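For reference, the structure is listed below as structure tokens.
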Amino acid sequence: MASKGEILTLYRSLLRTARQFCDYNIREYAKRRTIDGFRDNRNLSDPSAISAAFSDGKAQLEVAKRQMVVYSLYAPKIKSVMETHSL
């Protein structure tokens, strides 16, 4: 079973990876999906369910890292409207 520290490290890694996407929409989607996924699994108590969720999270991290590389190759030339206007 994964320790609390390992789970927090995975959470931070997923958020860090999400921040590296060039496109605003994809960056926000990855961030929102990470937060929602951890929120949904917050109340897991069965060790096998926790291990399965942790393994799925690690797999999602690897997918996100690969996708970040692919998206960086095809990054848009201009920024999104959401990024050009500052509040």
Side-chain angles (χ1 to χ4, degrees):
M1 190 168 99
S3 69
K4 186 175 181 178
E6 290 174 323
I7 294 170
L8 286 174
T9 299
L10 176 63
Y11 180 72
R12 289 184 194 119
S13 296
L14 282 162
L15 288 177
R16 221 176 286 125
T17 302
R19 270 189 257 129
Q20 294 175 355
F21 280 101
C22 300
D23 185 71
Y24 173 82
N25 292 320
I26 296 168
R27 185 172 53 241
E28 290 301 311
Y29 171 75
K31 186 173 95 175
R32 186 175 58 247
R33 184 170 169 170
T34 298
I35 292 168
D36 290 346
F38 274 81
R39 193 173 288 148
D40 291 343
N41 292 324
R42 175 178 33 196
N43 296 323
L44 291 179
S45 58
D46 181 32
S48 63
I50 293 171
S51 294
F54 183 73
S55 296
D56 184 50
K58 285 175 67 172
Q60 292 298 322
L61 177 61
E62 294 304 316
V63 169
K65 286 180 178 180
R66 287 193 305 269
Q67 287 299 106
M68 183 191 53
V69 171
V70 171
Y71 280 115
S72 69
L73 295 173
Y74 301 102
K77 302 280 188 252
I78 58 173
K79 291 197 177 276
S80 168
V81 173
M82 298 299 290
E83 293 175 310
T84 56
H85 296 337
S86 60
L87 298 175

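Source: prediction; values computed, not measured.
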So how far is it from [X] [atom1] to [Y] [atom2], rounded to the nearest 0.5 Å?
{"X": "Ile26", "Y": "Gln67", "atom1": "CD1", "atom2": "CD", "value": "8.5 Å"}
{"X": "Leu73", "Y": "Cys22", "atom1": "CG", "atom2": "SG", "value": "9.0 Å"}
{"X": "Asn25", "Y": "Tyr29", "atom1": "CG", "atom2": "OH", "value": "12.0 Å"}

Exercise for the section: Give a yes or no on whether the backbone of Val69 and the side-chain of Ser72 come within a donor-acceptor separation of less than 3.5 Å. Expected result: yes

Minimum-distance pair of heavy atoms, taken over all atoms of [X] and [Y]:
{"X": "Leu44", "Y": "Ala49", "value": "CD1-O, 3.8 Å"}
{"X": "Asn41", "Y": "Ala53", "value": "ND2-CB, 4.0 Å"}
{"X": "Phe21", "Y": "Ala30", "value": "CE1-CB, 4.0 Å"}

Side chain to side chain, [X] and [Y], heavy atoms closer than 4.5 Å:
{"X": "Arg27", "Y": "Tyr24", "result": "yes"}
{"X": "Ile35", "Y": "Leu15", "result": "yes"}
{"X": "Lys65", "Y": "Gln20", "result": "no"}

Pair up each side-chain donor or acceptor in residues 3-14 with any protein partner under 3.5 Å, not counting sequence neighbours, and list the distances.
| residue | atom | partner | partner atom | Å |
| --- | --- | --- | --- | --- |
| Ser3 | OG | Glu6 | N | 3.3 |
| Glu6 | OE1 | Ser3 | N | 2.9 |
| Thr9 | OG1 | Gly5 | O | 2.8 |
| Ser13 | OG | Thr9 | O | 2.9 |

Handout entry: Residues, nucleotides or ligands: over 12 heavy atoms within 6.0 Å of Tyr71 OH
Key = no

Exercise for the section: Please list all pairs passing the salt bridge (Lys or Arg N to Asp or Glu O under 4.0 Å) test where one or both residues lie in residues 34-55, with sequence neighbours left out. Expected result: Asp36-Arg39

